[in-house]
Amino acid sequence: MTSPYPFSAVVGLPDLRLALLLTAVSPAIGGVLVRGEKGTAKSTVVRGLAALLPEVDVVAGCRFACDPLSADPSCPDGPHTAGTPAAQRRSALVELPVGATEDRVVGTLDLQRALGEGVKAYEPGLLAAAHRGVLYVDEVNLLPDHLVDLLLDAAAMGRAHVERDGVSVKHAARFLLVGTMNPEEGEPRPQLVDRFGLVVGVAAPATVEPRAEVVRRRLQYENDPAGFAARYVEQDAALAGRIDAARQILPRVTLPDAQLDRIARICIAYRVDGLRADIVVARTAVAVAAWHGRTVVTKDDLRAAARLALPHRRRRDPLDPPGADQERLEEILDQELNGPDDASDDGGSDTDGPDGGPDTGGPDGGGPDSGGPDGGGPDSGGPDGGGPPPPSASTGSSDISGSSGPVDDPGGRPTPEQTMVNTSDVDGDTGPATGPAGDLAFAQAPYKTRLLKIGGRANRQQGSHAGRRSPAHGRHGRVVRSRQPSGKLVSLHLPDTVRAAALRGSRRVHARDLREAVKVGREANLVLFVVDASGSMAARQRMTVVKTAVLSLLRDAYQRRDKVGMITFRGAEATTVLEPTASHEVGVLRLAELRTGGRTPLAAGLRQAARTLHGEKRRDARRRPLLVVVTDGRATSGPDPMTVAPALAGIPAVVVDCESGPVRLGLAGRLARALSADCLPLSALSTAAIHTGS
């Protein structure tokens with residue numbers, strides 16, 4: 001078996017390493033979410049952490065890793081009596097794959113045996129395997145919502161529950177939850193991010209020396225994994241001992257009232273939502289003090305805790321860039337923590353760790369000494385240790401989605417009037433672009449749009465994506481009927497099962513009597529926007545209204561868990577400005593940068609849409625597409641769009657008619673008929689629901 005890459009050999013990333021070490025000391029913090037581009041050592045660091053965790057005593061033969069000294073009374077393998085043989089094992093590192101099913105996560109109940117034999121036949125899942133260890137979820141932003149909710153609930157409660165039609169099993173599931181994600185692939189819901197205690201951004205080094213050191217160490221590791229790991233055994237052992245020592249100190253650490261008041265003032269000034277931020281900062285500050293071997297929390301501990309626990313909690317709009325206002329947080333911390341110490345802060349100021357050595361994980365977020373320049377690892381983060389995300393994702397709070405605060409908002413958010421940018425009138429189709437890229441020409445705040453959905457019902461049991469838009473058969477939703485199971489029974493329809501046994505004259509339920517519930521829920525779709533950006537759309541400020549409408553549809557797609565893509569056409573060609581993605585924030589940015597002017601190549605836009613949708617079908621045949629064409633129907637460049645319409649046959653579509661004025665040609669309606677699509681006037685977008693398809 002190949003030795004894992006040593007935690008101490010990772011170059012840089014002090015914030016990430018400190019966050020992981022603190023949650024290893026105090027799992028009550030709530031886990032760590034690591035945000036970073038691909039190739040930044042996210043997975044490497046997490047796997048290295050598992051080797052540092054102390055060994056655990058378990059009840060011999062228990063599949064749920066029960067502690068012999070405090071066995072779970074509801075353990076499915078129990079009850080465990082006093083004197084039960086014990087064994088020792090390393091803390092588990094369990095990786096949850098993106099394609100995991102709910103049964104794989106929480107475990108499986110054999111309903112056939114439960115009903116036919118009267119026994120609870122339970123096969124443990126990944127939550128049971130991760131008990132008293134680490135549960136690592138790579139690409140957590142790509143997991144279905146119900147799985148993420150299930151993981152976070154289990155992490156918060158310390159228990160896993162399996163409920164199947166009156167049959168219930170529960171067991172302990174306390175683990176260190178670590179998730180990693182690439183922001184390019186889409187942001188998770190803000191409320192899910194908020195459930196992680198700490199969020200750390202990482203980035204690749206921007207200078208030569210740390211990058212060269214990363215490659216040097218990686219090549220050495222690949223040539224001789226065991227020999228490379230042996231060079232860091234002592235450093236990893238020192239960290240493991242320090243984690244154990246901090247765990248012993250943790251119950252004795254006190255948080256003075258003066259520090260609690262500071263936490264409250266910081267959270268109020270930073271304008272966080274709810275009280276979870278205050279609680280997480282308090283728990284993290286206690287863990288920082290324990291990590292440094294102190295028994296009283298100091299202001300430096302608060303600073304370290306706030307830097308890790310707060311930056312992701314100030315998002316005001318779901319389509320705002322995450323991690324906003326890092327500079328604002330630093331200003332607040334300086335204001336609250338740079339004054340003279342209170343008498344209660346005098347609780348241990350030495351900088352030595354619990355082992356008496358120099359402290360290398362100080363309150364500035366620095367991690368342990370990794371024994372090299374910047375301390376480092378394969379594909380590591382930046383030379384500053386992967387602190388907050390790059391400025392484009394973490395600083396400034398220009399609210400391009402129209403959600404805004406007062407003019408004197410300390411976060412610097414503009415008002416709707418400030419986000420409004422006038423656009424030059426272009427009456428012809430040959431005029432220049434109406435403004436530089438980046439103009440935020442939104443006429444008003446986004447509004448709730450009509451529900452655009454696909455007709456029919458997809459079969460999600462064959463793999464379509466859970467969401468909130470179009471009807472789909474699946475494992476979640478309302479029960480509409482029952483049927484005989486064709487394979488393994490997943491969801492029992494108990495009344496029809498009992499009825500089948502009764503009709504057969506039997507007093508017991510047999511396998512042939514079992515009936516499976518057929519459920520209808522909703523699925524997520526790919527919503528592809530094809531937006532007319534020609535000069536006619538810019539006339540009479542029409543484009544500002546169109547941008548607001550598309551922004552509203554983007555917000556709706558975010559709320560319904562859809563993927564989105566965007567194609568614009570102007571001049572003589574069509575451009576894919578946003579490849580299909582779950583990053584709705586990127587869609588908002590592309591919309592804000594949209595240039596208008598020139599002639600109207602409507603056929604080119606439709607042709608580009610057909611190519612994009614056919615390509616996406618090859619990549620992901622399970623996700624049904626919905627085409628949304630935003631245009632006035634004019635075509636002044638290229639072939640007749642009616643000749644291109646057959647290429648989009650069978651694809652559910654909606655045409656949003658942007659034509660205005662007293663004289664209307666009805667060209668958008670003609671296009672809708674050619675596409676077998678519904679035609680919705682732009683002015684009616686925010687009213688009753690619309691149904692597309694049959």
Side-chain angles (χ1 to χ4, degrees), residues 15-16 18-20 22-23 26 28-36 140-141 148-149 152-153 155-156 177-181 183 187-202 255 259-288 301-337 365 386-391 393-399 401 403-405 409-413 558 585:
D15 278 357
L16 173 56
L18 179 62
L20 292 172
L22 292 177
T23 51
S26 176
I29 289 173
V32 181
L33 175 62
V34 187
R35 303 178 71 258
V140 67
N141 51 325
V148 178
D149 288 337
L152 295 178
D153 286 343
L177 177 63
V178 181
T180 58
M181 57 166 285
E187 293 288 340
R189 290 178 293 162
Q191 57 268 41
L192 296 184
V193 176
D194 184 64
R195 291 289 295 274
F196 281 92
L198 310 178
V199 175
V200 181
V202 296
L255 181 62
Q259 307 298 13
L260 274 174
D261 291 343
R262 284 193 174 103
I263 291 174
R265 289 197 298 269
I266 290 169
C267 291
I268 291 172
Y270 198 56
R271 301 179 66 181
V272 300
D273 294 326
L275 292 172
R276 183 175 287 119
D278 304 60
I279 296 171
V280 173
V281 172
R283 288 174 175 168
T284 307
V286 170
V288 174
D301 300 331
L302 291 189
R303 181 182 292 273
R307 290 181 66 250
L308 295 173
L310 289 184
H312 63 288
R313 300 186 187 276
R314 197 174 185 265
R315 272 179 78 181
R316 294 297 180 188
D317 187 273
L319 296 182
D320 281 348
D325 293 319
Q326 181 75 23
E327 292 181 0
R328 174 61 179 161
L329 176 60
E330 294 296 338
E331 292 174 3
I332 294 171
L333 293 177
D334 289 341
Q335 179 180 347
E336 293 292 339
L337 302 178
S394 64
T395 61
S397 57
S398 172
D399 192 351
S401 64
S403 174
S404 59
D409 183 341
R413 293 177 176 273
Y558 168 84
E585 300 88 346

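All values reported here derive from a predicted model rather than from experimental measurement.
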Output the distance between atom [atom1] ([X]) and atom [atom2] ([Y]), rounded to the nearest 0.5 Å.
{"X": "I263", "Y": "D278", "atom1": "CD1", "atom2": "CG", "result": "7.5 Å"}
{"X": "F196", "Y": "M181", "atom1": "CZ", "atom2": "CE", "result": "10.0 Å"}
{"X": "L255", "Y": "L260", "atom1": "CG", "atom2": "CG", "result": "4.0 Å"}
{"X": "E330", "Y": "L337", "atom1": "CD", "atom2": "CG", "result": "10.0 Å"}
{"X": "L33", "Y": "H312", "atom1": "CG", "atom2": "NE2", "result": "7.5 Å"}
{"X": "L177", "Y": "I29", "atom1": "CG", "atom2": "CD1", "result": "13.0 Å"}

With sequence neighbours excluded, what pairs up with [X] under the side chain to side chain contact (heavy atoms under 4.5 Å, CB included) test?
{"X": "A277", "value": "C267, V272, L310, R313"}
{"X": "I279", "value": "R283"}
{"X": "A309", "value": "L198, V280, V281"}

Side-chain donor or acceptor of T23 paired with backbone N/O of A19 under 3.5 Å
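Present.
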Any side-chain heavy atom of R307 within less than 4.5 Å of one from R303?
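Yes, their side chains come closer than 4.5 Å.
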Work out which heavy atom in P311 is nearest to a heavy atom in A306; give both atom names and the distance.
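Where P311 meets A306 most closely, the heavy atoms are CD-O, 3.5 Å.
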Looking only at heavy atoms, which two atoms of A287 and S26 are closest? And how far apart?
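Heavy atoms only, the tightest pair is CB-CB, 4.0 Å.
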Can you name the side chain to side chain donor-acceptor pair (under 3.5 Å) partners of T180, sequence neighbours left out?
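Listed in chain order: Y136, D138.
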